[in-house]
**Student:** 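Take a look at this one; I'll ask things after.
Proteins get letters first, then strands, A, B, ... in listed order; numbering begins at 1 in each.
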Amino acid sequence: MTLRAENLTKRYRQGEKEVVALSGFTYAFPPGATAVVGPSGSGKTTLLNLLAGFDLPTEGGVYLGDTPLHALSEDERAGVRLRHMGFVFQQWNLIPTLTALENVAFPLLLAGWPRRARLKRAAELLEKVGLEARLHHLPSRLSGGEQQRVALARALALDPPILFADEPTGNLDLEAREQVANLLFALGEARTLVLVTHDLELAQRAGRILHLKGGRLVREEAPQAKG
Amino acid sequence: MELFLLVLRNLLARPVRSLLTLLGVLVATASMVLFLSFGEGLRRALFQELSRVGPAIQVVPEGAEGFVFGGLPEISPETLKALEEAGRALGVRAVVPTLFLTRGGFDPSTSFLFQGLPEGTPPDLLYPGLKAREGRLIPSEGGAVVGAKVAKRSGLALGSLLRLSPRLALEVEGVLEETGGLADNLIFVPLRVLQEALGTENVTAVLVALSPGQKAEAVARALEEAVPGVKAQTTSEVMRFAERALRISDLVRFGISLVALVVGGLLVANTVMMSVYERVREFGVMRALGARRGFIFRLVLLEALLLALLGGALGLGLGGAASYAINLYTLDQVGLALSAVTPRLGLFALGVALGLGLLAGLLPAYHASRIPVVEALGRV
Ligand SMILES: Nc1ncnc2c1ncn2[C@@H]1O[C@H](COP(=O)(O)OP(=O)(O)OP(=O)(O)O)[C@@H](O)[C@H]1O
Ligand SMILES: [Mg+2]
């Protein structure tokens with residue numbers, strides 16, 4: 001299932017002025033990791049918001065296979081996200097009143113899985129990210145790196161073909177950053193991973209790097225060395 | 001069910017706030033239950049009493065419908081005579097003029113309700129099954145026969161003196177057996193003594209006892225036809241009238257408790273709205289993960305419903321306990337369970353609590369479910 005953006009454009013109206021956050025972005029994301037880099041304000045988050053259906057484009061469209069995401073209703077887009085997409089944000093990913101295990105099980109709850117199956121699957125996923133000893137911790141009792149690993153496990157709960165990450169290592173120290181990045185690339189390998197980051201070193205590990213500037217796709221780069 | 005667990009987690013995450021809100025609803029519901037329980041208690045007591053009286057007709061002056069205990073004596077001797085004649089013509093069992101007089105104040109042990117009956121009329125004509133425990137059943141000219149509870153409450157025994165007015169004292173000649181009814185609280189005296197004490201020749205009401213097989217409704221209409229200026233009420237008419245009066249007083253009492261309920265509702269709305277504002281990011285994450293708007297809506301609404309229902313149920317319990325305590329006191333003092341938390345009152349209270357939660361939750365729930373995902377995610 002390919003993710004495709006066609007002439008994706010987002011303009012914000014701010015009083016009299018108009019801000020063009022993204023302009024004519026066209027790209028078909030191949031399987032594997034694609035990093036999106038660019039200076040602050042270049043439209044990276046805007047792009048991700050549109051690709052994930054959080055927001056609707058001013059012009060152009062997003063296609064998941066043959067489905068035009070931008071033509072779906074709010075709730076239909078939510079359904080598409082649930083079934084086909086996983087997310088890791090920069091921080092505050094987790095539901096604070098739920099334990100690590102319950103957080104990972106949450107998408108399964110939305111998908112209507114029975115409780116036992118949910119908890120079993122969630123425990124397996126947490127084991128994959130090395131958190132089998134933290135199942136019943138609340139997010140406030142986890143370190144930043146651990147929280148991001150829980151978020152990663154949760155993103156994979158329904159085994160989605162597409163994975164989005166917006167600065168997933170932005171708030172972590174060196175060691176945790178390495179650990180989360182390794183997991184991200186390992187678990188995202190067989191999927192379409194869209195990784196928004198400032199971290200060029202991290203971007204280098206992706207199969208492709210898209211450079212955004214002023215809301216435009218200015219360069220596509222394929223690094224030699226792959227993680 | 002799973003949603004319920006999520007809601008519970010959130011409420012438990014802020015235990016003090018949840019508890020305070022719960023207390024607010026609890027107090028509001030308890031006060032409403034207690035207020036309304038008086039109406040239910042009165043209703044129950046009156047209807048038990050009236051159904052015991054059996055087929056009888058009360059004749060009162062026109063425009064004085066309802067209960068005879070309080071009215072002024074306005075039925076003149078002429079009217080009484082006309083009623084007696086009409087009654088004879090209709091073949092009724094007895095026509096009994098009666099007069100009520102209350103003496104005393106707020107202290108139940110020194111307040112008395114006298115009922116005057118014509119000389120020689122046995123009280124058990126009006127209150128079937130009444131028996132004397134000690135002494136006489138029918139008072140003589142200078143005497144009184146007291147109900148079981150009055151006797152106990154005020155320490156009256158055979159030979160005690162009852163002061164009716166500064167010049168007039170009656171000797172207790174009989175103490176009645178307890179019946180559990182109204183008669184337990186009455187003091188029966190000769191009608192003429194009460195009339196003298198009040199300086200009137202009139203009576204408050206005329207009670208008509210029916211012969212077997214007579215239809216109360218028909219006799220009542222015939223009496224009204226024969227004697228102008230009176231209203232003849234059958235027992236069921238009195239009940240209907242009482243029901244109407246009680247319903248009005250229910251409304252008034254509900255109106256008063258509405259203030260507390262509104263405050264309780266606002267408390268819930270405020271708590272839930274606050275929790276929504278604090279959780280915008282959380283809702284954004286849920287939506288990002290694939291939760292539909294309806295999911296968020298239900299999550300928030302359920303929180304309000306849970307708070308309101310839980311508070312309501314506990315309030316109902318507290319109101320019931322308070323009602324029980326009040327009844328212990330009034331049963332001891334006046335022999336009446338004044339307050340009753342009936343099943344329908346319980347259901348009503350829970351219904352009100354549910355409605356409260358619904359009203360308090362709708363706006364925050366709608367608000368929470370409408371926050372755009374990008375905006376929600378952008379907030380921390
Ligand atoms: N809701 C909005 N209203 C108005 N302008 C917006 C809005 N969201 C983003 N913008 C503008 O759109 C442009 C792109 O923003 P975006 O958040 O996509 O940048 P970014 O590349 O993610 O930056 P950063 O690296 O700092 O996260 C910026 O100029 C920003 O000010
Ligand atoms: Mg950004």
Side-chain angles (χ1 to χ4, degrees), chain A residues 10 12 21 45-46 48-50 52-56 73-99 102-115 118-119 138-140 147 151 154-158 160 164 166 171, chain B residues 1-19 271-272 274-304 306-307 365-380:
Chain A
K10 182 71 182 179
Y12 291 107
T45 298
T46 303
L48 194 140
N49 286 342
L50 295 176
F54 295 153
D55 207 355
L56 291 174
S73 75
E74 183 85 36
D75 278 351
E76 285 168 339
R77 276 178 276 140
V80 168
R81 282 198 293 273
L82 179 62
R83 274 174 279 119
H84 304 297
M85 300 173 177
F87 298 88
V88 182
F89 303 105
Q90 182 167 357
Q91 56 177 345
W92 309 115
N93 271 294
L94 304 181
I95 298 163
T97 51
L98 299 184
T99 63
E102 290 163 334
N103 260 287
V104 176
F106 185 80
L108 304 170
L109 167 73
L110 293 179
W113 284 37
R115 184 178 166 79
R118 285 202 309 264
L119 297 183
L138 286 174
S140 54
Q147 288 184 27
R154 187 180 60 187
L156 298 173
L158 283 160
F164 291 107
D166 191 354
N171 270 17
Chain B
M1 195 55 226
E2 302 294 342
L3 208 61
F4 180 78
L5 225 69
L6 270 168
V7 170
L8 211 59
R9 276 295 172 76
N10 188 55
L11 288 176
L12 292 177
R14 297 152 181 89
V16 175
R17 188 163 81 195
S18 301
L19 199 70
T271 298
V272 175
M274 248 161 89
S275 129
V276 165
Y277 282 132
E278 286 166 9
R279 290 193 294 160
V280 169
R281 166 80 192 182
E282 189 179 325
F283 295 146
V285 168
M286 288 179 173
R287 296 267 298 280
L289 294 176
R292 290 159 204 270
R293 285 176 166 176
F295 181 86
I296 308 291
F297 187 88
R298 289 197 299 276
L299 198 64
V300 175
L301 188 62
L302 201 63
E303 184 172 328
L306 199 66
L307 275 175
Y366 181 80
H367 177 77
S369 70
R370 293 280 133 177
I371 307 168
V373 185
V374 254
E375 196 178 303
L377 283 174
R379 247 189 267 174
V380 171

**Student:** To the nearest 0.5 angstrom, please state how far the CG atom of A/Asp55 sits from the CD atom of B/Glu375.
**Tutor:**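 Those atoms lie 10.5 Å apart.
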**Student:** Which bit of A/Phe89 is near chain B, if near means a heavy-atom gap under 4.5 Å: side chain, backbone, both or neither?
**Tutor:**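 When you check distances to chain B, only side chain atoms of A/Phe89 fall under 4.5 Å.
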**Student:** Between A/Leu94 and A/Arg154, does a side-chain contact (heavy atoms from CB on, under 4.5 Å) hold up when you go through it step by step?
**Tutor:** CA-CA 9 Å; A/Leu94 304 181; A/Arg154 187 180 60 187; 4.1 Å; yes
**Student:** Out of A/Val80, A/Leu138, A/Asp75, A/Leu98, which one racks up the most heavy-atom pairs below 4.5 Å with chain B?
**Tutor:**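 When all of A/Val80, A/Leu138, A/Asp75, A/Leu98 are compared, A/Asp75 has the most.
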**Student:** Could you check which of A/Glu76, A/Arg77, A/Arg115, A/Arg81 has the highest count of heavy-atom pairs closer than 4.5 Å to chain B?
**Tutor:**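 Option with the greatest count: A/Arg81.
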**Student:** Tell me, out of B/Leu289, B/Leu12, B/Val373, B/Val285, who's got the most heavy-atom pairs with chain A below 4.5 Å.
**Tutor:**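 Top option by heavy-atom pairs under 4.5 Å: B/Leu289.
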**Student:** Only pairs of heavy atoms separated by less than 4.5 Å count here; which of A/Asn49, A/Thr45, A/Ile95 has the most with chain B?
**Tutor:**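 Sorted descending by pairs with chain B, the first entry is A/Ile95.
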**Student:** Taking the side chain as everything from C-beta on, heavy atoms only, tell me whether A/Arg83 gets closer than 4.5 Å to A/Leu158.
**Tutor:**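 Heavy-atom side-chain distance check fails, nothing below 4.5 Å.
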**Student:** Heavy atoms only: give me the nearest B/Asn10-B/Ser275 pair and the separation to one decimal.
**Tutor:**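 So the two residues come closest at ND2-OG, 3.5 Å.
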**Student:** What do you reckon, are the aromatic ring centroids of A/Phe87 and A/Phe54 less than 6.0 Å apart?
**Tutor:**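 Yes - the distance between ring centres of A/Phe87 and A/Phe54 falls below the 6.0 Å cut-off.
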